[in-house]
Amino acid sequence: MLRGFYTAASGMIAQQRTQEALSNNIANANTPGYKADQTSLKAFPEMLMQQMGGKTIPTSNSFNLPVQNPIGPLNTGVYVQEAAPNFIQGDVRETGVSTDLALVNGTLPDEAGALLFSVQNAEGDVRYTRNGNFTVDGQGFLVTNQGYYVLDQAGNTIQTNGMDFTVTEDGLVQTEAGESVLGISYTDDANGLAKEGNGLYNGDADAVPADATYSIQQGFLEQSNVDSLQSMTRMMESYRLFETNQRVLRAYDESMGKAVSEIGRLT
């Protein structure tokens, strides 16, 4: 009986975490470069129930051990294994703002790979982002909206000397003072990146390999790849599953109450 409690409760927790991820996706549907989180559910190990009084320990047949008087299998619940960002390219929208840069994927050597802008966070560490909604600070450096420096290919900050600069499709930043190449990094495992907030990712990324192609579009922004309609539909489905597990939990609670009050009174 108590195992049923745990199974239903784990289902409720899993659906609650799924709804949290979906809510965050919907909240960032208009955030440039945002990548929707996708949750994956995984079942806990399945147990093989055995009649009490048997001479062997109840175990799964996968271990090839003898089982006497088996009752049947019992799944011990489900949990959210991970919430990984989906790095599918979002729509590109023209803004006409010279500091807006869209990183458009071409060909990638790995299906799980991703291209990202390299930036420097407040602690001076290198982080990565797909949000090209940049601006120029008071000292003329190209920065994100949060004030993080955008880096070039050599890992240095980019001095634009004002708003008058151009960026070619291959990422060459041209100003009156000179040229620098925009820092674009590549990872072959986007699922290994961890979100840090403010559109930043932390993880391992290297230089763009020779067989990967991309283009930079100045005056454009990559939009979020969140499908709001699909996210709302999945949220309703998750809510219904949460309610179903809740009703199961309530039924177990009522059964336990009867077992304590009625059966206990008869004995």
Side-chain angles (χ1 to χ4, degrees), residues 1-49 58 60 62 71-91 111-112 114 116 121 127-131 146 187 189-203 222-261:
M1 182 70 74
L2 290 177
R3 293 189 183 94
F5 270 112
Y6 297 137
T7 302
S10 68
M12 293 175 64
I13 294 172
Q15 295 307 321
Q16 181 180 1
R17 292 181 177 174
T18 299
Q19 285 212 26
E20 290 173 354
L22 291 170
S23 299
N24 188 51
N25 289 342
I26 294 173
N28 288 278
N30 294 321
T31 301
Y34 178 81
K35 300 304 178 185
D37 283 328
Q38 292 182 320
T39 56
S40 59
L41 302 180
K42 186 176 181 179
F44 287 111
E46 189 178 78
M47 297 190 304
L48 184 62
M49 305 300 294
S60 171
S62 61
I71 298 174
L74 174 67
N75 196 298
T76 53
V78 67
Y79 66 100
V80 176
Q81 184 179 21
E82 62 177 350
N86 178 11
F87 273 86
I88 291 178
Q89 177 82 53
D91 294 334
E111 290 185 0
L116 306 105
N121 66 4
R127 294 294 183 263
Y128 309 100
T129 185
R130 288 286 300 197
N131 188 348
Q146 291 75 32
T187 176
D189 183 18
N191 291 333
L193 298 175
K195 286 187 175 182
E196 287 193 350
N198 294 325
L200 299 184
Y201 294 91
N202 183 16
E222 179 188 5
Q223 301 302 294
S224 165
N225 65 357
V226 175
D227 188 330
S228 299
L229 183 59
Q230 184 185 56
S231 297
M232 288 296 295
T233 302
R234 289 191 58 199
M235 180 173 286
M236 293 300 297
E237 293 175 352
S238 177
Y239 180 72
R240 292 191 183 99
L241 290 172
F242 181 90
E243 285 187 322
T244 300
N245 283 281
Q246 189 179 43
R247 287 193 292 268
V248 172
L249 194 65
R250 188 180 296 116
Y252 272 114
D253 183 58
E254 293 174 356
S255 299
M256 289 292 292
K258 290 182 179 181
V260 172
S261 60

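The figures here come from the full heavy-atom set of this structure, side chains too, leaving out hydrogens, waters and symmetry mates.
The heavy-atom pair separating T7 from S10 by the smallest distance is O-OG, 2.7 Å. When all heavy atoms are compared, the tightest approach of S231 to V226 is OG-CG1, 3.8 Å. The two atoms that bring A29 and S228 nearest to each other are CB-OG, 3.6 Å, heavy atoms only.
For E237, there are no salt bridge (charged side-chain N to carboxylate O under 4.0 Å, His left out) partners at least two apart in sequence or on another chain. In this view, T31 and N28 satisfy the side chain to side chain donor-acceptor pair (under 3.5 Å) rule, not counting sequence neighbours. Under the ring-ring contact (aromatic ring centres under 6.0 Å, His included) criterion, F87 pairs with Y201, sequence neighbours left out. Evaluation of the side chain to side chain donor-acceptor pair (under 3.5 Å) rule for E243 yields Y239 as partners, not counting sequence neighbours. With sequence neighbours excluded, the residues satisfying side chain to side chain donor-acceptor pair (under 3.5 Å) with Q15 are S238. Remark: D37 pairs with K195 by the side chain to side chain donor-acceptor pair (under 3.5 Å) rule, at least two apart or across chains.
Separating the CG atom in D227 from the CE atom in M232 is a distance of 12.0 Å, to the nearest 0.5 Å. One finds the CG atom of N245 at 12.0 Å from the CD atom of Q16 (value rounded to the nearest 0.5 Å). If you take OG1 on T129 and OH on Y34, they are separated by 12.5 Å, rounding to the nearest 0.5 Å. Here M235 contributes atom CE and E20 contributes atom CD; the two are 10.0 Å apart, rounded to the nearest 0.5 Å.
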Evaluation steps, side-chain contact (heavy atoms from CB on, under 4.5 Å), between L249 and M12 | CA-CA 9 Å; L249 194 65; M12 293 175 64; 3.8 Å; yes
Kindly determine whether N225 and Q89 satisfy side-chain contact (heavy atoms from CB on, under 4.5 Å), including the steps that lead there.
-> CA-CA 7 Å; N225 65 357; Q89 177 82 53; over 6 Å; no
Step-by-step side-chain contact (heavy atoms from CB on, under 4.5 Å) determination, R127 to N198 | CA-CA 11 Å; R127 294 294 183 263; N198 294 325; over 6 Å; no
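For the side-chain contact (heavy atoms from CB on, under 4.5 Å) with T18, the lone residue among T39, L241, I13 that qualifies is T39.
Residues L116 and L193 have side chains in contact (heavy-atom distance under 4.5 Å, counting atoms from C-beta outward). Residues L200 and Q146 form no side-chain contact, since every pair of their non-hydrogen atoms from C-beta on lies 4.5 Å or further apart.
Atom CG of N30 is surrounded by 12 or fewer heavy atoms from other residues, nucleotides or ligands within 6.0 Å.
Side-chain N or O atoms of E222 include none that pairs as donor or acceptor with a backbone N or O of G33 at under 3.5 Å.
Between the side chains of D91 and Q223, no donor N or O sits under 3.5 Å from an acceptor N or O.
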